[in-house]
Amino acid sequence: FPDKIRLFGEYWYDTVDLPLEKKDIVLTENKFLTSKRNKKVSKKNNQILFITQGWVTKKMLIYIQKFIKKTSKYHIVVKLHPSEYEVWQKIYPELVELKENFGIEVVDNFNKSIYDWLIESKYVVGVSSTCLYEALFFDCEVHLLNLPSVEIMSDLIDKKLAKLANNAQELAENIKTKSKGKIDLNYIYFQGGKNNENR
């Protein structure tokens with residue numbers, strides 16, 4: 001194992017069991033994400049971005065179906081995993097129906113970067129996609145669905161960086177509830193300035 005390691009923020013040291021002391025961690029800015037975040041785009045406060053993952057998409061769609069029936073005030077965007085782009089209309093007939101009957105937007109191409117969706121979306125909902133960490137950096141409110149693999153995101157819940165929903169009703173209530181304060185983005189993604197490179 002290396003004597004020192006670079007991480008994007010202290011959060012990653014606190015949540016990963018590394019065989020290093022804190023003095024051996026060098027905080028490094030993720031300049032790619034920072035450049036994306038600096039784009040001047042206004043948040044769409046009524047837009048909810050659902051990020052799917054192949055093995056739980058069908059179960060996610062049950063949440064979405066029930067959520068849409070509870071409220072019509074949001075613009076729903078379902079960002080499919082790239083592996084689903086070409087097959088979703090065959091394997092997710094319920095998503096086809098949601099698009100036709102409720103006008104939800106289904107993203108099934110590379111015309112727009114995931115970061116562009118994160119920049120403009122107020123809320124992001126998923127299970128265990130790594131995009132959920134990036135969503136925090138783009139000032140999105142992150143909501144997790146209690147589905148298989150969500151357990152690996154337990155630290156986000158424990159640190160109150162994301163809210164967990166056990167059903168569509170809870171998801172609707174969590175979204176309506178205002179978040180308490182701002183997340184310390186520098187803790188998750190170091191944004192330059194003094195670091196511990198020379199310690």
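Predicted, not measured: the structure shown is a model, and the values here were computed from it. If you read the sequence from its start, that first residue is 1, and numbering goes on from there.
The closest donor-acceptor contact from the side chain of Thr52 to the backbone of His81 lies under 3.5 Å. With hydrogens and angles disregarded, a donor-acceptor distance shorter than 3.5 Å links the side chain of Asn38 to the backbone of Thr34. Between the side chain of Gln53 and the main chain of Ser128, a donor-acceptor pair closer than 3.5 Å is present. Remark: the backbone N or O of Phe137 is paired with a side-chain donor or acceptor of Arg37 at under 3.5 angstrom. For Asn146 (side chain) and Ala165 (main-chain N/O), no donor-acceptor pair under 3.5 Å exists by modelled atom type.
Put simply, the side chain of Phe102 does not reach to within 4.5 Å of the side chain of Ser72, judged on heavy atoms. Within the 4.5 Å cutoff, side-chain heavy atoms of Leu7 are placed close to those of Leu18. Residues Trp117 and Ile51 have side chains not in contact (no heavy-atom distance under 4.5 Å, counting atoms from C-beta outward). Looking at Leu171 and Leu145, their side chains come closer than 4.5 Å, going by heavy atoms from C-beta outward. Two residues are said to be in side-chain contact when any heavy atoms from C-beta on lie closer than 4.5 Å; Leu61 and Phe50 fail this criterion. Residues Ile5 and Leu20 have side chains in contact (heavy-atom distance under 4.5 Å, counting atoms from C-beta outward). At a threshold of 4.5 Å between non-hydrogen side-chain atoms, the residues Thr15 and Lys159 count as touching. Residues Tyr92 and Glu97 fail the side-chain proximity criterion, which asks for heavy atoms closer than 4.5 Å.
Using cut-offs of 30° and 60° for the angle between ring planes, the Tyr189 and Phe8 rings count as tilted. Classification of the Tyr123-His143 ring pair by plane angle, with boundaries at 30° and 60°, yields tilted.
Taken from NZ in Lys176 to NZ in Lys73, the straight-line distance is 7.5 Å, to the nearest 0.5 Å. Between atom CG of residue Asn101 and atom CD1 of residue Ile68 there is a gap of 10.0 Å, rounded to the nearest 0.5 Å. Distance CD/Glu134 to CD1/Ile188: 11.5 Å, rounded to 0.5 Å. Taking NZ of Lys99 as the start and CD1 of Ile76 as the end, the distance is 15.0 Å to the nearest 0.5 Å. Atom CG of Leu144 and atom CD of Glu151 lie 11.0 Å apart (nearest 0.5 Å). Summarising the geometry, atom SG belonging to Cys131 is positioned 4.5 Å from atom CD1 belonging to Ile114; distances are rounded to the nearest 0.5 Å.
For Lys112, the NZ atom counts as densely surrounded, since its 6.0 Å shell holds more than 12 non-hydrogen atoms of other residues, nucleotides or ligands. Dense packing is recorded around CD of Gln169, with more than 12 heavy atoms of other residues, nucleotides or ligands lying under 6.0 Å away.
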Salt bridge (Lys or Arg N to Asp or Glu O under 4.0 Å) assessment of Lys122 paired with Asp139: CA-CA 8 Å; Lys122 171 75 173 174; Asp139 294 324; over 6 Å; no

Full working for side chain to side chain contact (heavy atoms under 4.5 Å, CB included) between Lys163 and Thr177: CA-CA 10 Å; Lys163 296 177 185 175; Thr177 305; 3.9 Å; yes

Check against side chain to side chain contact (heavy atoms under 4.5 Å, CB included), Asp155 and Ile157: CA-CA 5 Å; Asp155 198 73; Ile157 300 165; over 6 Å; no

Derivation of the side chain to side chain contact (heavy atoms under 4.5 Å, CB included) call for Val107 and Val77: CA-CA 7 Å; Val107 180; Val77 178; 3.6 Å; yes

Evaluation steps, salt bridge (Lys or Arg N to Asp or Glu O under 4.0 Å), between Glu10 and Lys22: CA-CA 9 Å; Glu10 286 187 53; Lys22 210 163 192 174; 3.0 Å; yes

Leu95 vs Ile104, side chain to side chain contact (heavy atoms under 4.5 Å, CB included): CA-CA, chis, key distance, verdict: CA-CA 9 Å; Leu95 183 54; Ile104 70 170; 3.6 Å; yes

Worked check of salt bridge (Lys or Arg N to Asp or Glu O under 4.0 Å) between Lys79 and Asp108: CA-CA 7 Å; Lys79 165 65 177 72; Asp108 63 357; over 6 Å; no

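Ring centers of Trp12 and Tyr133: under 6.0 Å apart, within the cut-off. In this structure, Tyr115 has its ring center under 6.0 Å from that of Phe32. Between Tyr85 and Phe110, the distance from one ring center to the other falls under 6.0 angstrom.
Applying the side chain to side chain contact (heavy atoms under 4.5 Å, CB included) test between Val78 and each of Leu98, Ile64, Ile48, Val125 identifies Ile64 as the sole match.
Residues Phe67 and Ala172 approach most closely at CE1-CA, 3.6 Å, considering heavy atoms. Taking every heavy atom of both residues into account, Leu118 and Cys140 meet most closely at O-SG, 3.2 Å. Among all heavy-atom pairs drawn from Ala135 and Val142, the shortest one is CB-CG2, 3.9 Å. The shortest heavy-atom contact between Asp3 and Asp24 is O-CB, 3.3 Å.
Under the 4.5 Å side-chain heavy-atom criterion for ILVMFWY residues, no single connected hydrophobic cluster contains both Trp88 and Ile62.
At a cut-off of 3.5 Å, with distance as the only test, no side-chain donor of Asn174 or Glu170 sits close to an acceptor on the other residue. Between the side chains of Gln47 and Ser121, at least one donor N or O sits under 3.5 Å from an acceptor N or O.
Sorted by first and then second residue, the pairs that involve residues 42-71 and meet salt bridge (charged side-chain N to carboxylate O under 4.0 Å, His left out), not counting sequence neighbours, are Lys44-Glu120, Lys58-Glu94.
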